[in-house]
Amino acid sequence: MRTGLREWQLRPNRLRRRSDVVEAWTVMAAAVLLVLGAPLAGLVAGRLAYDGAASAARALRAERHPVRAEVLGDMPPPLPALQGGRPVTQHATVRWSEPEGTERTTRAAVPADARRGDVIELWLDSRDRVVAPPPDASSVWQHTFAMGICGAGGTAGPTLVAHTLFRRAAARRRLAEWGRDWARVEPRWTGRGG
């Protein structure tokens with residue numbers, strides 16, 4: 001015979017102990033936290049992360065500006081560190097013109113397949129130093145997704161750990177109660193008592 005948890009809690013039962021009812025309610029509380037709390041925490045964490053990352057990307061985009069630079073030198077031999085069989089970037093001398101006409105040169109990271117005369121995009125800060133490009137929309141969304149997962153996991157993990165610890169403590173207490181009850185009843189059932 002199968003009965004639902006609600007029926008089991010509401011039906012009178014002489015074998016049901018108070019600890020059984022408390023344990024059933026903690027199972028329901030843990031289930032609610034896992035089903036509703038963890039996704040909600042993930043959404044909130046993701047939303048906050050998106051707002052922060054998007055505003056940081058806007059600020060970086062406002063203080064940095066792109067320039068088109070020409071690769072001047074031949075590329076050095078390939079580096080031993082490869083990604084997918086090819087180096088990701090290498091350093092080479094590049095040249096670009098400032099808006100007022102001044103030409104500037106520096107060494108910068110360029111794509112590994114760039115050749116002499118190729119035009120690449122560089123990002124400069126307010127002091128005209130070569131810097132990394134500001135995060136794009138996909139980087140912002142990756143950060144958002146990662147923080148959402150961390151928020152959901154940060155809720156689900158402690159919930160599961162707390163529930164497991166509670167269940168272990170309840171099982172120890174239940175075994176101790178059974179031991180005390182058996183110590184009281186066993187002499188009458190087995191005829192060993194005095």
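Values in this document were obtained by computation on a predicted structure and should not be read as measured data. By convention here, the first residue in the shown sequence is residue 1.
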Cut-off 3.5 Å, no hydrogens considered: what does the side-chain donor-acceptor table look like for residues 128-136, sequence neighbours left out?
residue: Arg129; atom: NE; partner: Asp125; partner atom: OD2; Å: 2.8
residue: Arg129; atom: NH2; partner: Asp125; partner atom: OD2; Å: 2.8
residue: Asp136; atom: OD1; partner: Ser138; partner atom: OG; Å: 3.2
residue: Asp136; atom: OD1; partner: Ser139; partner atom: N; Å: 3.1
residue: Asp136; atom: OD1; partner: Ser139; partner atom: OG; Å: 2.8
residue: Asp136; atom: OD2; partner: Ser138; partner atom: OG; Å: 3.3

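- Minimum interatomic distance between Glu70 and Gly117 (heavy atoms only, all atoms of both residues): OE2-CA, 3.8 Å.
- Closest approach of Val94 and Val71 over heavy atoms only: CG1-CA, 4.1 Å.
- In terms of the side-chain contact (heavy atoms from CB on, under 4.5 Å) criterion, residue partners of Val32 (sequence neighbours excluded) are, by chain and number, Leu36.
- Taking each heavy atom of Ala170 and Glu23 in turn, the nearest pair found is CB-OE1, 4.2 Å.
- Atom CG of Leu175 and atom CZ of Arg180 lie 11.0 Å apart (nearest 0.5 Å).
- Arg104 CZ: more than 12 foreign heavy atoms inside a 6.0 Å radius.
- For the atom pair CZ of Arg107 and NE2 of His91, the computed distance is 7.5 Å after rounding to the nearest 0.5 Å.
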Can you list, pair by pair, the side-chain donor-acceptor contacts under 3.5 Å of residues 140-163, counting residues two or more places apart and other chains?
residue: Thr144; atom: OG1; partner: Val140; partner atom: O; Å: 2.9
residue: Thr155; atom: OG1; partner: Gly151; partner atom: O; Å: 3.1
residue: Thr159; atom: OG1; partner: Thr155; partner atom: O; Å: 2.7

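- In this structure, Arg116 contributes its side chain and Leu72 its backbone to a donor-acceptor pair below 3.5 Å.
- Ser126 OG to His65 NE2: the interatomic distance, rounded to the nearest 0.5 Å, is 9.0 Å.
- Atom CG of residue Leu33 and atom CE of residue Met28 lie 12.0 Å apart, to the nearest 0.5 angstrom.
- Taking a 6.0 Å sphere around CZ of Arg174, one finds it holds more than 12 heavy atoms contributed by other residues, nucleotides or ligands.
- The CH2 atom of Trp96 sits 10.0 Å away from the CD1 atom of Ile120 when rounded to the nearest 0.5 Å.
- Here the straight-line distance linking atom CZ of Arg167 with atom CG of Leu165 works out to 12.5 Å at 0.5 Å rounding.
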